[in-house]
Amino acid sequence: MDLGELYQELILDHNKHPRNFKRVAECTHHARGDNPLCGDKLSLELVFDESGRVRDIGFQGVGCAISRASSSLMTEAVKGKTRAEVLALFDLFHRMATAPMDAEHVEMAGLGKLEAFSGVREFPMRVKCATLAWHTLHAAITEGDSLVTTE
Amino acid sequence: MDLGELYQELILDHNKHPRNFKRVAECTHHARGDNPLCGDKLSLELVFDESGRVRDIGFQGVGCAISRASSSLMTEAVKGKTRAEVLALFDLFHRMATAPMDAEHVEMAGLGKLEAFSGVREFPMRVKCATLAWHTLHAAITEGDSLVTTE
Amino acid sequence: MTAEQSYEDAGDGLAHPFVKPFDVQKVRNDFPALHQTVHGKPLVYLDSAATSLKPSVVIDAVASVYGRDCANIHRGVHLLSARATERFEAVRTQVAEHIGASSRSEIVFTSGATSGLNLLASTLTQAHVRSGDRVLVSMMEHHSNIVPWQLACERVGAMVVPIPLDKAGALSLEAYANLLDTKPKIVAFTHVSNATGIVNPVQKIAAMARDAGALSVIDGTQAVPHLEVNVAEIGVDFYVFSSHKAYGPNGVGVVYGHKALLDALPPYQGGGDMIRNVSFSGTTFADPPTRFEAGTPNISGVIGMGVALAYLRNLGSDARVHEKSVLNYAKTRLRELPQVSLVGDSEHQVGSVSFVIEGVHPHDVGTLLDKAGVAVRVGHHCTQPLMEHFGVPATVRASFGVYSTCDDVDRLCDAVNATVAFFR
Amino acid sequence: MTAEQSYEDAGDGLAHPFVKPFDVQKVRNDFPALHQTVHGKPLVYLDSAATSLKPSVVIDAVASVYGRDCANIHRGVHLLSARATERFEAVRTQVAEHIGASSRSEIVFTSGATSGLNLLASTLTQAHVRSGDRVLVSMMEHHSNIVPWQLACERVGAMVVPIPLDKAGALSLEAYANLLDTKPKIVAFTHVSNATGIVNPVQKIAAMARDAGALSVIDGTQAVPHLEVNVAEIGVDFYVFSSHKAYGPNGVGVVYGHKALLDALPPYQGGGDMIRNVSFSGTTFADPPTRFEAGTPNISGVIGMGVALAYLRNLGSDARVHEKSVLNYAKTRLRELPQVSLVGDSEHQVGSVSFVIEGVHPHDVGTLLDKAGVAVRVGHHCTQPLMEHFGVPATVRASFGVYSTCDDVDRLCDAVNATVAFFR
Ligand SMILES: Cc1ncc(COP(=O)(O)O)c(C=O)c1O
Ligand SMILES: Cc1ncc(COP(=O)(O)O)c(C=O)c1O
C-alpha cells in the first residue's frame, strides 16, 4: 500500500485549500465532532433551504490532512442535496471507508470525488480521521445540536 | 524433608491431647489470634502472680495440628516464667521458626521441647501455624486486650 | 510437543462412531505445567478453581505480544500499535460471542473478577442506591462479591442483606422470594460456588430479580471454565468473570453489562483512554466500554484470554462431559472413604468438590497431600460466611479442569487414606 | 542469541580504560521485538514512553510462571503455590530496595499506574479531604493523575486546583508557593512529564508540600525507566509507577506509601486476600500492603516486573548515560531541521522529546514516519491541559529506551525530512 493512495492529489489539495472553511450565518443545523485520540476538533454548520436542500454548509477546526480534506470534500458533495440524499451518501461513504482490508469488492458508484478516500481503509488507524466529518454531519441533521466523537 | 520432621511425635501427641486447653478464671492478660488464610482462631488467657511470673495460662479455639500443638507446648513452656523470660523465649522461638530454609546454623539452646518445631521452617506455608500462638501471647502481654493476625 | 494420540488411535470400538472421543492425554500434552514432579512424584493438579493451568497456545500468545506486537494500543498510528490494537479489540468481539452478549460494546475489560465486581458495586451503587436501600447478596458468595457491596453500601448508607441457604448449601429460593418483597435495588449472586461447586438456578434467580424491579449481577468466575454461558438466555443485567480461572493469563477479567444499563453508569476509575475531553474546568467521558477502561490495560493478558477461550470452545462439549464424569467419579470415591464427609454435595455441581476429614484439620491434609504430589486447596476459600453456615472453619477442595483424569482422583484418594492413617 | 560485541572489541581507544563502554548492540539483542521489519524497513522503535519493549528474560520469566509455577498465591499449601508465592513476594522486597523504601510493607502491587493513582485519589480523599478543601495538581500531568482527583474530589465536594507552568512548560515554583498558602491537603505531580520529558525538581516540590502540611503524591511512571529513584531522598509520601514502561509486563503497577500513612488509609477495593474476617455483620481488613491488594493479582506480571527491574539495575548508570546522549543527539539534530520546533525543550529532560512540524498535522507525520519504519507517538499524549498550555492540539513524540541509538535518530530525521517534502 502506497502513501500516494492514502494522500491522493485531491486530498492534498483540499488539505491545503479547504473549501467551505467558514462559519454559516443563521444555520439551521450544527454539531461538533471530537476525535479524542488525536485531539482533533471540528465544528460544522449548515442550512437547508425551503425545498429541503442543503443551501450552505461550512466547517471550522483543527485536524490532520485526511480529516481536513474529508470535511472540505464532504461540504462540496452535500451542497444542494436533500436530507435523504445526504444520509444515503453518508452510508455509502461510511461503508467504503470501513470496509475490511481484505474485502474483494467495495461499492464506489455514486461517490464521485469522494472515491479519493478509498485508500483510507488500508490504514486502520486513520479511518476515523476520514469519517469524523461525516459522523458530525450525521449528528447535525439527525440529532440537532450535539457532540459526537469517533472513539 | 520428611513429614516426620514436621509432625514429630511430640507434636502429634499435643495435637491429640492439648495441655491447658481451657479458660483461665480472672486472667490478667488475654488476646485473640486469627490466621485469616486458613480460618484458624485462637483465644489466649493468662494470669501473672504477685512475683510477676505466669501462674496460669490457657488457650481455646480451632486450628491445625501444628497450631494446636504449638499453643499447647507454648502454654507449658511459659508457665512459671517472668515477663522478660517469656519475651526472650518468644524471640528464640520466632527466630527458629522463621530462619531461612538454607540457614546453616539455627540457635536452639534454651528451647527445650519447643525444638520439636524446628522442622516447620522447611514448610514455608506452615510457619504461621506454628507462630500464631506466640504472636498472640506477645500481643497479650505487650498490648493488653488485642487481636493479632499472622498475615 | 507432539501428542501421543493413544486414545484416538486405539480403535477399541468403544467410542460412538460420530462422536470424537475426548482425548484427555492429548489435552494434557497442551499444558506444560502438568509435566513436572512435586516432591519426587508426578504432579496431580486439583486446584484449578484457584487458577487453571495454561495451554501452550496461551503462553505462546502472550510471548508473541511481548516479542513482536509490543506496543500500547488505541493511541498509536504505527504498525505495531495497529497490530496490538487489532488483536486486543478482536477479543472484545470474541468474548461478546462467547457469552452471548448482543454487542461488543457490552464487554468491559478489567484486571480480574474482583476489580469487575468492585467496578459494578461502586458505579451501580452510585447510580441506583440511596440511603436505606437494600442490596441482596447470597451467603455462598466469594468475598469478592460481598466486600465490594459492603464498602459501596456503607458509602451511601444502604444495607447489604444476605440471602440464606438451605442445609445442603443451596440458595433458598423461598427466603429469596421473601427478601424480594423488601424491594432491593440490586441482587448479586454467583453462578457457581467456588467452595462447593454448586450451580445456582441463575435464570430463575435473575427472572425473579427482574420481576421485583431489582438489577441482577452474576459472578460467573467459576462458571465460564465449566459451562456454556449465555447472558441473554440467563436474562441477567451484569455478568463478571476472571481470565485466569478459564485457562487464560492472570490480571484480566471481563464485565458484561447490558448496553442501556452500562450507558447510564458513571465512570469508575479516571485516566487515559476513558475520557472525551480533559480540562481543569471540567472533564467529559467516553462512551462504554471505553468509559470503564482507564489506563493501559493488560494487553497481552486480554489477547491471551482470547486464545484461551478459543481453545476451550474448540474442545467443545466433550470437555464438559469429561469433566463432569471426573467430578462424579471423585464424589463417588470420596463418599466411600471412612472419616470423609462431602461439604455441599449437590446434583447441580461442577468443577469442585469440598470435603472434610474427621479429626484432621484441612491444613494438615493439605500438607500431606502436597507431599504425595497432590495439589488441592485447603482453607475457607474466601467464603467465610459459607463456612460458618456449614459450621466448619475450612474444607479441603479438589477442583478439576479439562486435563483432570480419574487417575488424578485415585491418587487423591490414596493420599487421603494415607493422611487418615498418619493422624490415626 | 549472541551479541556481536563490535563496540567493545573495536579497541579504538575512545572508551575510558576503567569504564565498561555501554554495548548497545548487545542490549538490542536482548529485545526480540526490535528485530523485525515494518513496511519492509527495519523497525526504529521510538515509542518507549507509551510502552517499552521487553527483554527476553522478562518474556521467559512470564512463560515460566505459566509453564511451571502456575498457581494462585498466598492461600495454597502446595508446592506450586509456595513457589509462586515466594517468587511474587520476593519482588516486593526487591521493589522496596529498588526505589529506596524503608520496608517491603510499603509496597502495594496494583494493575498499573492508573489504578495506583485512583487507589490513592480515592483513599486519600476519603481519609483526609473534606468539603471545601483543595488538592493541587500540576498542569503537566497525564490524565491518570488529573481525572482520579477530579472524580474523588467531586465526591466530597473538594476542589482540584491546577499548578501553572511557565512558558517553557516547567512547573512554576512561584505560583506553586502561592498556592501552598491556600493550605491544600494534597499535592500531586509527575516526576517526569510523559509529553515533554521534562524532569520536575521533585525533592523541592515535596519539601515545600511537607512544609505547608500537605501530603505529596508523585507519578513516577516516566521516571523509573530513566532515573535512579529513591523515595526517601525525594522525601515524598506516595510514589506510583507502571511496570510496562520499565521493561516489564503490562497489567502491573506499584504504589509506594509511607508506612504510617498507608496504615491510616481505608481499603480501596474489596475482595479476597485483603480481609481479616468477613461477615455480614461486619468485615475487618488486613494490614497494608495486603489491605490494598484485593483479589488475585497479576502474579506472572509482578514476577516479570521483578526480572525487568533487575535487568535495568544490571545495566547500571551506563544505560542512563547512553540514553541521555541519544536524547541530546536527537534534540540537536531536530533543532537543525527547518520547519521543526521542539515543544517543552529543557535542560532537565529525560526519555522523550516532543516536536511539531510547521504546516503538517502530527497525525499525518505519524503515518508517514510509520511507512518509513519509524514508530513514534502522535497526539495529545493524554495531557490535554498541557497541550492547551502550549497552544497545540497534538505533538509528535520520540521516546527512547536503553536500546535506542543515534542511528535511530538519523532514521527519524530522514523520515521527518521526507514528510516535510511530501507535504510541501
Ligand atoms: C466465585 C469467585 N468469584 C470471584 C473470585 C475472584 O476472582 P479474582 O481473584 O480472579 O479476582 C473468585 C476467585 O478467587 C471466585 O472463585
Ligand atoms: C506520566 C504517566 N503517568 C501515568 C500513566 C498511566 O500509566 P498506565 O497507562 O500504565 O496506567 C502514563 C502512561 O500512559 C504516564 O506516562
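A note on names: the letters A, B, ... follow the listed sequences, proteins ahead of strands, and every chain is numbered from 1. These numbers were taken from a predicted model, which means no experiment stands behind them.
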Q) By a 4.5 Å heavy-atom criterion (distance strictly below it), what part of I146(C) contacts chain D: side chain, backbone, both, or neither? A) side chain
Q: Measure distances from Q150(C) to the heavy atoms of chain D and classify the residue's part below 4.5 Å as side chain, backbone, both or neither.
A: side chain
Q | Verdict with reasoning, T51(C) to Y66(D), per side chain to side chain contact (heavy atoms under 4.5 Å, CB included) | A | CA-CA 10 Å; T51(C) 201; Y66(D) 292 141; over 6 Å; no
Q) Under a 4.5 Å heavy-atom cut-off, does chain D meet the side chain of T383(C), its backbone, both or neither? A) neither
Q) At a heavy-atom separation under 4.5 Å, does L151(D) approach chain C through its side chain, its backbone, both, or neither? A) side chain
(Q) Please report the interatomic distance CD(Q384(C)) to CZ(F280(D)), rounded to the nearest 0.5 Å. (A) 11.5 Å
Q. Considering only heavy atoms, which portion of R68(C) lies under 4.5 Å from any heavy atom of chain D: side chain, backbone, both, or neither?
A. both
(Q) Quick check for you: among A50(C), G253(C), S122(C), which has the greatest number of heavy-atom pairs under 4.5 Å with chain D? (A) A50(C)
Q.
If you apply the rule side chain to side chain contact (heavy atoms under 4.5 Å, CB included), what do you find for H244(D) with N72(C), and how did you get there?
A. CA-CA 9 Å; H244(D) 73 98; N72(C) 211 325; 3.8 Å; yes
Q. Hey, which of G251(D), S111(D), G67(D) has the most heavy atom pairs under 4.5 Å with chain C?
A. G67(D)
Q) Is chain C contacted by the side chain of L80(D), its backbone, both, or neither, given a heavy-atom distance below 4.5 Å? A) side chain
Q. Checking heavy atoms, do the side chain of P249(D), its backbone, both or neither come under 4.5 Å from chain C?
A. both
Q) Could you walk me through whether V77(C) and H363(D) pass the side chain to side chain contact (heavy atoms under 4.5 Å, CB included) check? A) CA-CA 8 Å; V77(C) 297; H363(D) 236 69; 3.7 Å; yes
Q: Identify which part of L79(D) has an atom lying under 4.5 Å from any heavy atom of chain C, answering side chain, backbone, both or neither.
A: both
Q | N277(D), part contacting chain C, at a heavy-atom distance under 4.5 Å | A | both
Q) If you tally heavy-atom pairs under 4.5 Å against chain C, which of G366(D), A82(D), A375(D) wins? A) A375(D)
Q. Non-hydrogen atoms of chain C under 4.5 Å away: do they reach the side chain of Q36(D), the backbone, both or neither?
A. side chain
**Q.** Heavy-atom pair of closest approach, residues A63(D) and I59(C)
**A.** CB-CG2, 3.7 Å
Q) What part of I73(C) gets closer than 4.5 Å to chain D, counting heavy atoms only: side chain, backbone, both or neither? A) backbone
Q: Side chain from CB out, backbone as N, CA, C, O: work out which of these in L368(D) comes under 4.5 Å of a heavy atom of chain C, or both, or neither.
A: neither
Q) Are K54(C) and C70(D) side-chain neighbours, meaning at least one heavy-atom pair lies under 4.5 Å? A) yes
Q. Taking atom types as modelled and ignoring hydrogens, do the side chains of Y268(D) and N118(C) form a donor-acceptor contact shorter than 3.5 angstrom?
A. no
(Q) To the closest 0.5 Å, what do you measure between CE (M274(C)) and NE2 (H143(D))? (A) 11.0 Å
Q | Modelled atom types, side-chain donor and acceptor of S300(C) and N250(D), under 3.5 Å | A | yes
Q) Under the side chain to side chain contact (heavy atoms under 4.5 Å, CB included) criterion, do T114(D) and T296(C) qualify, and how do the steps go? A) CA-CA 8 Å; T114(D) 300; T296(C) 305; over 6 Å; no
(Q) Which heavy atom of P148(C) sits nearest to which heavy atom of G270(D), and what is that distance? (A) CG-O, 3.5 Å
Q. Can you tell me how far the OG atom of S81(C) sits from the CG atom of D370(D), to the nearest 0.5 Å?
A. 9.5 Å
**Q.** Per-residue contact mode, V278(D) against chain C (heavy atom under 4.5 angstrom)
**A.** both
**Q.** Between G112(C), P55(C), A294(C), the one whose heavy-atom pairs under 4.5 Å with chain D are most numerous
**A.** A294(C)
Q: Considering only heavy atoms and a distance below 4.5 Å, find which of V137(D), V58(D), V161(D), T367(D) pairs most often with chain C.
A: V137(D)
Q: Check each atom of R397(D) against the heavy atoms of chain C and say whether the ones under 4.5 Å are side chain, backbone, both or neither.
A: neither
Q: Check the surroundings of atom CD in E388(D): do more than 12 heavy atoms from other residues, nucleotides or ligands lie under 6.0 Å from it?
A: no
Q.
Is P297(D) in contact with chain C via its backbone, its side chain, both, or neither, using a 4.5 Å heavy-atom distance?
A. backbone
Q) Looking at I299(C), D69(C), V38(C), which one has more heavy-atom pairs under 4.5 Å with chain D than the rest? A) I299(C)
Q: Tell me, for S242(D) versus chain C, whether the close heavy atoms (under 4.5 Å) come from the side chain, the backbone, both or neither.
A: neither
Q) Non-hydrogen atoms of chain D under 4.5 Å away: do they reach the side chain of L117(C), the backbone, both or neither? A) neither
